[in-house]
> 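I have a structure here, written as structure tokens, and I will follow up with some questions on it.
Lettering follows sequence order; numbering is per chain, from 1. Bear in mind that the values here come from a model prediction, so they are computed numbers and not experimental data.
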Amino acid sequence: MSGAAYVVGVGMTPIGKHEGAFPVELAIDAIQLALQDAKLPVTEIDGLYTCPHGFLRDRERFMTQRMAQRLDLEPKAILEVDAGGTTSGLNFQHAVRAVQSGQVRCALVYASEVEVSTEQLMMDMDRKRHLVFEGNMLIGYYDSAYGMLGAVPLYAMASQRYMYENKLAPEAIARVSVQLRENALNHPLAQFKKALTVEDVLASKMVAPPIHFLEACPWSNGAAAILVASEDIAKQVGKPLVKVESMSESHDAENFFPTRVPASRFPSVERAAKMALQQAKLSIDDIDVFEIYGAFAAVELMCYEELGLFPRGRAAGALAEGRTKVGPNAGDRPVNPTGGRLSFGHPPYVTPLAEIHEITTQLRGDAGPRQVKDAEIGMVQAEHGMVNGASVSILKRVK
Amino acid sequence: MSSTFLPVEDSAGERFYAELREKRLRFPKCNACKKVFVPPRAHCSRCFTKDLAWIDAPKTGTLYAFSYQKVGLRFLRPAVIGAVELQFEDGPARLISNIVGEYKDLSIGLPVELDFVEIEKGVFVHQFKPVQKA
């Protein structure tokens with residue numbers, strides 16, 4: 001039997017450094033905000049879904065069970081998920097299915113990230129070995145022989161191929177950062193508050209060519225919590241009903257830099273979007289607002305094309321024309337009202353929930369200066385590795 | 001045998017680095033399924049045989065993409081990290097490797113040839129350099 005599931009409460013901390021914070025305390029902040037948003041007592045929660053507190057931290061276990069103890073709850077479902085950047089996107093989908101099946105009535109999906117800094121890890125040999133181990137786990141055994149601690153050089157190569165194949169100048173990519181920063185200025189929780197120009201972006205230090213510092217996602221921490229509930233609880237809450245209309249995930253037979261498929265394409269994103277739209281019996285033109293997982297400026301454009309927002313090679317031009325703008329001057333493809341991963345900030349485990357937070361806010365009509373007029377249907381997308389897999393969910397405001 | 005900072009996930013990894021120590025870049029192949037495994041693995045992904053033939057990779061390829069890294073444990077700037085496209089019997093595959101040469105002198109499509117570099121005592125990995133004109 002399959003009922004419906006609704007997003008009934010959303011909560012999020014500011015995204016930023018949160019130096020020295022306990023991740024579990026940030027989680028509680030976000031959870032409290034979500035419960036206040038839904039006007040629900042904590043005792044309504046009967047499902048707990050979470051994920052690690054960072055990629056380079058020491059691995060913790062029994063996180064949901066310790067949260068059950070912390071909140072004095074006896075859940076009917078617990079789950080800890082670890083799937084790279086899609087982690088919270090998939091976790092959300094698992095929680096939705098649990099509510100749809102009737103296993104739980106009110107699921108709490110939360111993520112809190114306080115990452116260990118590379119400086120801290122490089123300080124002693126044991127820590128360094130741990131960092132290398134984690135680096136190898138992240139990048140893959142063979143590629144990691146080349147000493148990469150993160151995927152940036154790999155993303156740089158994908159960006160280079162995309163620019164080469166589509167004959168895109170650096171300015172075309174830099175414009176993405178400018179547009180996203182403009183969006184972020186209107187989000188109170190965003191990490192960055194200063195407007196940017198194309199010149200600023202191209203003058204910023206080269207991280208791994210062609211990626212400039214201001215074209216790369218920042219180091220960010222923070223927490224978000226989403227309450228997913230059954231129809232009867234959703235109706236009690238009394239806010240506009242935000243229904244989970246469809247969900248999908250799709251993955252490639254690749255990990256990080258693809259061996260056998262072109263690096264300028266993300267076929268898993270294309271497949272996931274098609275499946276989610278098909279399931280909801282919608283076309284891409286029916287989506288009023290998007291929150292997508294672009295960790296780098298060129299990758300953001302590539303995702304726009306894979307999701308079907310624009311034909312291949314045309315995303316940069318469309319963005320330059322203002323078609324991705326949000327707020328009162330929204331274009332026909334409003335994307336990343338938060339400012340996206342580049343300007344809102346990007347704690348990877350939290351990001352998919354930050355996307356759901358914003359789309360829910362938009363569909364309720366509560367997005368203030370970021371509001372896309374009459375937004376009724378929204379799409380969120382997350383990815384893992386070097387976009388070797390994606391999750392897509394479609395939310396719809398219903399009567 | 002892997003080094004402290006070069007773990008392997010299976011016996012194919014051990015074999016891969018043993019071949020590199022002998023200045024050979026080899027990948028396992030399943031003759032029955034006609035699949036060459038890049039990256040290496042200890043079993044065929046389709047018929048699961050562990051009876052794989054190790055074949056030589058081509059000695060030349062083309063530079064598919066390249067960048068450099070500033071943070072890392074080895075091959076830091078100005079060394080270039082690149083993806084080299086090699087043609088195998090079952091189609092092209094791209095390999096992440098170190099590229100010998102200045103970033104500014106390299107270009108997509110440049111013909112490159114196989115070389116080897118010792119990253120730690122007794123531990124060799126592949127790298128590629130622009131094909132030297134005769």
> Counting only heavy atoms from other residues, nucleotides and ligands, does the tally under 6.0 Å from CZ of A:Arg314 exceed 12?
no
> So which of A:Leu154, A:Val261, A:Thr259 has the largest heavy-atom pair count under 4.5 angstrom toward chain B?
A:Thr259
> Tell me whether the rings of B:Phe16 and A:Tyr142 are parallel (<30°), tilted (30 to 60°) or perpendicular (>60°).
perpendicular
> Which residues, numbered in order, of residues 262-271 of chain A come under 4.5 angstrom of chain B by heavy-atom distance?
A:Pro262, A:Ala263, A:Ser264
> I need the residue from B:Pro40, B:Pro92, B:Pro39 with the largest number of non-hydrogen atom pairs under 4.5 Å to chain A.
B:Pro40
> Under 4.5 Å from any heavy atom of chain B, what part of A:Phe257 do you find: side chain, backbone, both or neither?
side chain
> Can you list the residues of residues 47-69 of chain B that sit under 4.5 Å from chain A, counting heavy atoms only?
B:Tyr64, B:Ala65, B:Phe66, B:Ser67, B:Tyr68, B:Gln69
> Which residue pairs pass the salt bridge (Lys or Arg N to Asp or Glu O under 4.0 Å) test when at least one of the two sits in residues 90-100 of chain B, sequence neighbours left out?
A:Arg260-B:Asp90, B:Glu85-B:Arg94
> Report yes if some heavy atom in the side chain of B:Ile108 is under 4.5 Å from a heavy atom in the side chain of A:Arg161; otherwise report no.
yes
> Which heavy atom in A:Ala145 sits nearest to a heavy atom in B:Val125, and how many Å separate them?
CB-CG1, 4.0 Å
> Could you list which of residues 96-106 of chain B have a heavy atom closer than 4.5 Å to any heavy atom of chain A, in residue-number order?
B:Ile96, B:Ser97, B:Asn98, B:Tyr103
> With a 4.5 angstrom heavy-atom cut-off, which part of B:Val36 approaches chain A: side chain, backbone, both or neither?
both
> Hey, is CZ on A:Phe213 packed in by over 12 heavy atoms from elsewhere, all under 6.0 Å?
no
> Heavy-atom pairs under 4.5 Å with chain A - which of B:Leu95, B:Val117, B:Ile81, B:Leu76 has more of them than the others?
B:Ile81
